[in-house]
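As the structure lists them, so they are numbered: ligands from 1, and atoms in each ligand from 1. Note that these values count all heavy atoms, side chains included, but never hydrogens, waters or copies made by symmetry.
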Amino acid sequence: MFSRHLLGLEGMSRLEVLDILDEAQRFRDLLDGPGVSSRDLEGVTVCNAFFENSTRTRVSFELAERRLGATSVSFSAVDSSTAKGETLLDTLRVIQSMRVDLVVVRHPSAGAASYLTRHLEAGVINAGDGQHEHPTQGLLDLLTLRQAWGGRFEGRRMAIVGDIAHSRVARSAIHGLRALGVTVTLAGPPTLIPAGIETLGVTVAPSVEDALRDADAAMALRIQRERMEQGLLASLSEYARVWGVNAKRADLLRPDGVVMHPGPMNRGVEISPDVADGPRSVIFEQVTDGVAVRCAVLRRCAAGMRRGRS
Ligand code: NCD
């Protein structure tokens, strides 16, 4: 029933998304109680292969694997033979030859995870591929929203603000939110809004105020400094002034509207510190939900892997 891969949320049905969220919620409840310690991944070997920096994604996958009883190892490109010129495929073939069942991969190239599924027998979980998708982040955002919204997605509206063009987080969130019937409004500097993004079923607001007004949630995205070097942004202070989610703007949300950020945050740029630490912020809920979602995804992919073998 389950696939051994998770590459993205594009094309995923409403029922499938809700099913993963239900399972993740069960793990989430366990995290609040005595803790998750199941044997769901006993006998399963997982390799976390990170060819790009990561804090929360990598740590939460590692914690989820340990909680579920997997045998897991991690490596990052900086301390591996990739730094000596080994290709992605060769590196992962080496890992698979050590009898790894699941590979969690983060890579700067869009399509890297999908490419690996064509060459490896292991299940592949995409932990972020270039500007394409970051499906476990999209799912954890939905889990956080489900709690904030009392379980009702239909009729809700979400504002996503910032660098949409380079954001795999935004792309996965859009696919997941649209599958659940949420209206999505984007806002950001015109140089950072991709042409034709409306084909994903979203609208683009002319200002951050327009996007946030009466929305049920806002997500601020990280502004990557290299975008200024590329001439796509004037300056960080100008960005904060025009697009930053500050207290005045957050108050345009509905009274119970929440503020999200995938991290890492540039405080004072895309989000002001008082909002990040304020009553509307669910940013640290998102991090906890990330462990629960990764437990659910790992369990499903491991089940898909075992079935493929039987
Ligand atoms: C993001 C990523 O790396 O895609 N972080 C994350 O996984 N929570 C967002 C970012 O780097 O801006």
Show the nearest heavy-atom pair for residues [X] and [Y], with the distance to one decimal.
X: V208; Y: W243; result: N-CZ3, 3.6 Å
X: Y115; Y: L89; result: OH-CD2, 3.4 Å
X: A276; Y: S281; result: O-OG, 2.7 Å
X: M260; Y: V282; result: CG-CG2, 3.7 Å

Any atoms of ligand 1 less than 4.0 Å from a non-hydrogen atom of [X]? List them with their elements.
X: T57; value: 6 (C), 7 (O)
X: R106; value: 2 (C), 3 (O), 7 (O)
X: P262; value: 8 (N)
X: V169; value: 1 (C), 4 (O), 9 (C)

Six-ring centre of F61, R294 cation under 6.0 angstrom, axis tolerance 45°: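 Checked: cation-pi criterion met.
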
Note the single closest protein heavy atom to [atom], along with its residue, its atom name and the distance in Å.
atom: atom 3 (O) of ligand 1; value: R168 NH2, 2.9 Å
atom: atom 12 (O) of ligand 1; value: R222 NE, 2.7 Å
atom: atom 5 (N) of ligand 1; value: G263 O, 3.0 Å
atom: atom 7 (O) of ligand 1; value: H134 NE2, 2.8 Å

Between H166 and Q224, a side-chain donor and acceptor under 3.5 Å: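 Short answer, no.
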
Reported CG-to-CG distance for the pair L186 and L192, which is rounded to 0.5 angstrom: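 If I round to the nearest 0.5 Å, the distance is 12.0 Å.
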
Ligand 1-proximal atoms of R56, by part, heavy-atom distance under 4.0 Å: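 It is the side chain that touches ligand 1; the backbone stays farther off.
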
